[in-house]
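Following: one structure in structure tokens, then a few remarks.
Only this structure's heavy atoms are used, side chains among them; waters, hydrogens and symmetry mates stay out. In this text, all values refer to a predicted model and were calculated from it rather than measured experimentally.
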Number of protein chains: 2
Amino acid sequence: MRSSAKEALLSNAATLFSRSGYNAVSLRDVAKAAGVNVGSLTYHFGSKANLLREIYTRHTLPMNARRLELLGEARRIKDPDERLMAILRAYVVPAFVSSSGGDGGGAEFTRMRAVLSAEGNPDAQAIIADAFDETSRTFIEALGECVPGAPLESLVWRSQFLLGGLYYALINPERVTRLSNGAVDGDDREAAVRHLVEATYASFRSLSGTSPQRSEPLTVSTPPIQENQT
Amino acid sequence: MRSSAKEALLSNAATLFSRSGYNAVSLRDVAKAAGVNVGSLTYHFGSKANLLREIYTRHTLPMNARRLELLGEARRIKDPDERLMAILRAYVVPAFVSSSGGDGGGAEFTRMRAVLSAEGNPDAQAIIADAFDETSRTFIEALGECVPGAPLESLVWRSQFLLGGLYYALINPERVTRLSNGAVDGDDREAAVRHLVEATYASFRSLSGTSPQRSEPLTVSTPPIQENQT
DNA sequence: AACTGATTTGTACAAGTGTACAAATCATGA
DNA sequence: TCATGATTTGTACACTTGTACAAATCAGTT
């Protein structure tokens with residue numbers, strides 16, 4: 001193992017950032033969590049902003065690659081409703097999966113994105129923007145093909161709500177548990193994915209002006225979530 | 001005007017918090033924005049956490065009152081579909097309205113809630129939780145009555161996504177503009193409300209196992225958003 | 001064993017943080 | 001006019017922040 005120390009730093013920092021945001025986590029917090037001196041951080045990363053940047057580049061590419069791979073599979077589905085469902089899963093699942101290691105995105109990284117996007121930190125803002133827009137646009141296009149005639153405006157807003165729902169499910173899962181008086185487990189990520197995909201499916205489906213609505217409520221078939229390494 | 005200085009401080013602080021979160025905003029930032037010395041803040045509020053608390057109590061009650069008032073009106077609607085739509089509007093509109101003054105909630109306050117909930121700051125966390133749960137539970141119950149037979153789990157998750165979409169629309173409106181290459185204006189709050197309500201309507205509607213789906217896509221009638229003072 | 005380059009440590013620094021408090025200022029009623 | 005209480009100011013404090021850098025330690029090659 002070459003630079004496993006650097007890996008450990010990246011991993012620890014990502015965890016802390018995803019939990020408390022960028023501003024509230026000091027380099028000393030990161031160092032302490034990794035059992036290492038502060039100086040190591042400046043040595044390896046130069047600056048705090050650059051540490052964040054490295055976390056990003058570590059996760060962004062694999063995650064989007066996985067998404068696009070699943071999107072490719074989904075696009076081959078003929079039936080527009082099933083395709084719609086598959087496309088939504090392709091977008092959501094890689095963001096929710098609890099990945100082991102720095103590979104395919106994962107819930108922690110997505111949570112970090114969510115928190116950072118809310119903080120509006122200039123350092124973070126710049127790093128985030130361009131990394132995901134292209135992928136999102138590709139998905140919006142694919143979604144649009146499932147609901148012919150739907151106006152772009154509706155597609156974009158709904159994709160915004162999808163991401164918002166995704167983020168908030170990861171940021172505030174306790175709320176689900178609390179509101180249901182413990183009857184629903186907010187930390188159940190499989191359930192979160194299932195419901196998010198179902199709800200978004202219905203919201204996109206309703207945009208289809210031409211095809212008639214299906215009468216029986218369509219429930220998602222739920223194979224256990226798991227990522228295959230690409 | 002009695003304590004207009006304190007009002008100005010609260011207002012300025014809310015603006016800054018809603019823009020950059022709690023951690024990133026220092027008391028000196030707040031003081032500078034209000035054109036006032038730092039000491040005034042400790043004098044009026046005692047501590048930073050307490051300043052936040054006062055902002056919260058200032059907005060929470062009127063906003064929830066307005067929501068519940070609109071909910072009361074909505075509940076009198078017989079047709080479950082129209083009622084569903086009205087209930088959703090009752091939840092969303094008061095949170096989106098750009099309120100003038102410290103009256104009925106408003107977009108800035110909601111944005112602040114969104115940012116703070118993401119930051120996970122302990123001070124903030126404690127202040128937020130109980131203030132809104134009760135109202136949310138009331139809404140979930142009302143929503144459930146519009147889609148008989150829908151499982152609680154689905155209702156709760158969908159309400160979570162609703163709030164997530166609401167938050168993210170306020171936190172990151174530029175993304176909407178960007179993803180659409182400028183074709184859609186993310187800062188158009190009326191449009192945001194309309195689309196959010198439409199999308200959520202469809203997602204709840206699909207839960208109704210008994211009643212048949214309506215075939216023509218239902219679009220929201222959109223009177224211009226405006227709050228009447230209670 | 002001795003040299004070399006990479007890494008880790010310890011420590012320092014300037015800047016900024018929330019909070020505290022005496023002094024100055026203001027507004028108001030007697 | 002003056003006394004009183006509320007507000008505002010200025011300044012100080014202990015502490016944390018990101019960053020910088022010399023010294024110590026480690027790993028690998030000769």
Requested in this report: Report yes or no: is there a donor-acceptor pair, N or O only, under 3.5 Å between the side chain of B:Arg28 and the base of C:dG18?
Outcome: yes
Query raised in the report: Is there a donor in the side chain of A:Ser180 and an acceptor in the side chain of B:Glu153, or the other way round, less than 3.5 Å apart?
Result: no
Requested in this report: Quickly work out the A:Phe45 CZ to C:dA6 P distance and round it to whole Å.
Outcome: 17 Å
Query raised in the report: Counting side-chain heavy atoms from CB outward, which of D:dT17, C:dA20, C:dT8 is closest to B:Thr42?
Result: C:dA20
Query - Which residue lies more 5' along DNA chain D, comparing A:Leu27 with B:Ser40 via nearest heavy atoms - result: B:Ser40
**Report entry** Separation of atom OH in A:Tyr43 from atom P in D:dA22, rounded to whole Å
**Finding:** 15 Å
Report task. Round to a whole Å and report the spacing from CG of A:Asn121 to P of D:dT17. Result -> 15 Å
Query raised in the report: In whole Å, what is the span from the NZ atom of A:Lys32 to the P atom of C:dT9?
Result: 14 Å
Query raised in the report: Rounding to a whole Å, what distance do you find between B:Asn37:CG and C:dC21:P?
Result: 16 Å
Query raised in the report: Centre of B:Tyr43's six-membered ring, under 6.0 Å away, within 45 degrees of the axis: is that where NZ or CZ of B:Lys6 sits?
Result: no
Query - Whether B:Ser11 side chain and B:Glu7 backbone form a donor-acceptor pair below 3.5 Å - result: no
Query raised in the report: Tell me: NZ of A:Lys48 to C1' of C:dA15, nearest whole Å?
Result: 15 Å
Query - Touch class at under 4.0 angstrom, heavy-atom based, for A:Val25 against every strand present - result: sugar-phosphate
Query raised in the report: Is it true that B:Tyr167 and A:Tyr167 have ring centroids separated by less than 6.0 Å?
Result: no
**Report entry** Side-chain N,O (A:Ser26) to OP1/OP2 (D:dT16) below 4.0 Å
**Finding:** no
Query raised in the report: Between C:dA6 and A:His44, is there an OP1 or OP2 to side-chain N/O distance shorter than 4.0 Å?
Result: no
Report summary line: Rounded to whole Å, the CG-P distance (A:Leu41 to D:dG18) equals 10 Å
Query raised in the report: Within this structure, what is the CD-to-P distance between A:Glu7 and C:dT7, rounded to whole angstrom?
Result: 13 Å
Query raised in the report: Of the candidate nucleotides D:dT17, C:dT7, C:dT19, which contains the atom at the shortest distance from the side chain of A:Asp29?
Result: D:dT17
Query raised in the report: Any donor-acceptor pair under 3.5 Å linking the side chain of A:Asn12 with the backbone of A:Ala8?
Result: yes
